[in-house]
Amino acid sequence: RVRFAPSPTGYVHVGSLRTALYNYLFARRHGGVNILRIEDTDRTRYVEGAVENMLRTMEWAGITFDEGPVEGGPCGPYVQSERTEIYRAHADELIARGKAYPCFCTPERLDLVRKSQQAAGIPPMYDRLCRNLTKEEVDRRIAAGEPHVVRMRVPIGEAVRFHDIIRGDIEFDSKTIDDQVLLKSDGFPTYHLANIVDDHFMQITHVIRGEEWLPSTPKHVLLYEAFGWEPPKFAHLPLLLNADRSKLSKRQGDVAVEDYKDKGYLPDALINFVALLGWNPSATEEIFSMDDLVKGFDLERVNKGGAVFNREKLDWMNSEYIRKKSPEELAALVRPLADTRKYIVSDEYLTKVVRVMQERAHTLWDFVDFASYFYVAPDLASADEKYKQKHWTPQAKEHLQNLLPEFESATDWDHDTLEGIVRKYAEANGLSAGKLIHPIRLAVTGKGMGPGLFELLAVIGKEECLRRMRWAVEHL
RNA sequence: GGCCCCUUCGACUAAUGGUUAGGUCACCACCCUUUCACGGUGGCUGAACGGGUUCGAAUCCCGUAGGGGUCACCA
């Protein structure tokens, strides 16, 4: 039983996607249960619609859950803000067991303490002023309505040990562990309390999460001990990194899964790519379907070091997946993108465009923006200058002029007919076909690259091609 | 700064004491070719450093250096 436990604070980070994926793969691989839990205990950071967006993103990515706010399940509710009573009761239990205590320190005082500690060069930690208040004083202050939090009573001078599936045995000295706040003064739990309580009652067996949680794991282990509960197994995943090897951040590029979706990446490609960041099935292949990933996934094989998110490789992988799709499937995906550019074309036409562009596209947008000449006439005035200089010579123009009647009288407008016309003219005039092909390409597309000329002309159609060639001959 | 984690080509990684250190992306060259791409062939580049253990170390141990994470009434 594993869980993905995001906070609804906006978009889904690609690092979160990988965490969700590894949880999913692990569950599916072992016939386990994948649980979704919403960790929305910070009311100040709640973003409207974030949960829905997250759900949509997971669905897009092909990650499914067996229990959660949508699916329900025996351990609900799966939204932490609906479980506050449970956390309060458990905070009380901890106090009763002497493992936690109420703290009346104000944020202002805490701030002051922290600042002086930092100034003195010592690690900032709560100075435990309220740790040994008498029961009478605590009762009196609570009765007086004084705002307070509940803090964990971290044992002094104890080694906290735990095993991490990826990293092995890890040990912390309890003197470096802060008396963490468990229950905030607004009555909501902090992550630490809610997480432990929920993982326990949801019977989570394996906690698979990002490495940034490693330093707080000893607190969690201590909490399990305080409750007398068996802790789950832990697996801390290596971080996803920027090119400079710092934690992948918005400042240095796209981090939201929806950014990649919007930029024309296919879910299978993103999943495949992100799966291989930190894990590898020891095969020489690189392309894996979700099923392949499930079959090969092994937590023990996850790497320890962080992995740089390399966009070029993602692009390559995306183009691999684009090539594998049928033109009809792709056309359906490209349709909404063409719509945003207000390109009016039939499904049949769009499928033809996709077919000739398919092995050249890195993203879905390439079918639209990179190939805009399929939808609207190119602006030849701003055509590729180098290409124009090289191929749009007075002779080329003359040849094109001569060729126009040949094209006009063509009864068919398919690849072979067009090639026949051009090659025949080239031969008759002692030219290499390239001397004609390049200027025609320029006149029709304005670009020096793209699909084969004859298939491209066939897609665009006779009338439009002739119109563009005539215009070029007259104006360029 | 304290604590913790990490370290194989530019990037992602393989190899679990014996390999000319392999693959993929990127890059370069050549082939194919009307361009671009695809495909094919070849190439480039790597064990952070220093000690040990061992017949033998990328692999095990210790140290150093470097990088990262984390130190909230955020998660």
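Chain letters run A, B, ... following the sequence lines, proteins first, then strands; residues in each count from 1.
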Original post:
Without hydrogens or angle criteria, can the side chains of A/S289 and A/D268 be said to hold a donor-acceptor pair below 3.5 Å?
Top reply: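 Per modelled atom types, A/S289 and A/D268 side chains form no pair under 3.5 Å.
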Subject >> Residues A/R3, A/D199: salt bridge by 4.0 Å N-O rule >> reply: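 A/D199 and A/R3: salt-bridged.
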Original post:
At their closest point, which heavy atom of A/P8 faces which heavy atom of A/V51, and how far apart are they?
Top reply: CB-CG2, 3.6 Å
Original post:
Shortest non-hydrogen contact from A/L237 to A/R167?
Top reply: C-NH2, 3.7 Å
Original post:
For RNA chain B, whose closest nucleotide is more 5', that of A/M449 or that of A/T284?
Top reply: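 Nearest nucleotide further toward 5': that of A/T284.
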**OP:** Map A/I122 and A/R18 onto RNA chain B by nearest heavy atom, then report which one ends up closer to the 5' terminus.
**Re:** A/I122
Original post:
What integer number of Å spans the C1' atoms of B/C49 and B/A58?
Top reply: 14 Å
Output a table of nitrogen or oxygen pairs between the protein and nucleotides 73-75 of chain B separated by less than 3.5 Å.
unit_1	atom_1	unit_2	atom_2	d
B/C73	OP1	A/R114	NH2	3.4
B/C73	O2	A/S185	N	2.8
B/C73	O2	A/S185	OG	2.8
B/C73	N3	A/S185	OG	3.0
B/C73	N4	A/C105	O	3.3
B/C74	OP2	A/K184	NZ	3.1
B/C74	O2'	A/D42	OD2	2.9
B/C74	O2'	A/R45	NE	3.2
B/C74	O2'	A/R45	NH2	3.4
B/C74	O2	A/R45	NH1	3.4
B/C74	O2	A/R45	NH2	3.4
B/A75	OP1	A/T41	OG1	2.7
B/A75	OP1	A/K184	NZ	2.9
B/A75	OP2	A/Y191	N	3.0
B/A75	O3'	A/S7	OG	3.1
B/A75	O3'	A/E39	OE1	3.1
B/A75	O2'	A/S7	OG	2.9

Subject >> Partner set under side-chain contact (heavy atoms from CB on, under 4.5 Å) for A/E427, not counting sequence neighbours >> reply: none
Original post:
Can a side chain N or O of A/K304 be found less than 4.0 Å away from OP1 or OP2 on B/G68?
Top reply: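 The answer is no; no side-chain N or O of A/K304 sits under 4.0 Å from OP1 or OP2.
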Original post:
Should A/N303 be listed as having a side-chain N or O under 4.0 Å from OP1 or OP2 of B/U13?
Top reply: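 Answer is yes, contact under 4.0 Å.
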**OP:** State which residues pass salt bridge (charged side-chain N to carboxylate O under 4.0 Å, His left out) with A/E39; sequence neighbours excluded, sorted by chain then number.
**Re:**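 A/R37.
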**OP:** Kindly say whether, by distance alone, the side chain of A/R360 makes a donor-acceptor pair under 3.5 Å with the base of B/C36?
**Re:** yes
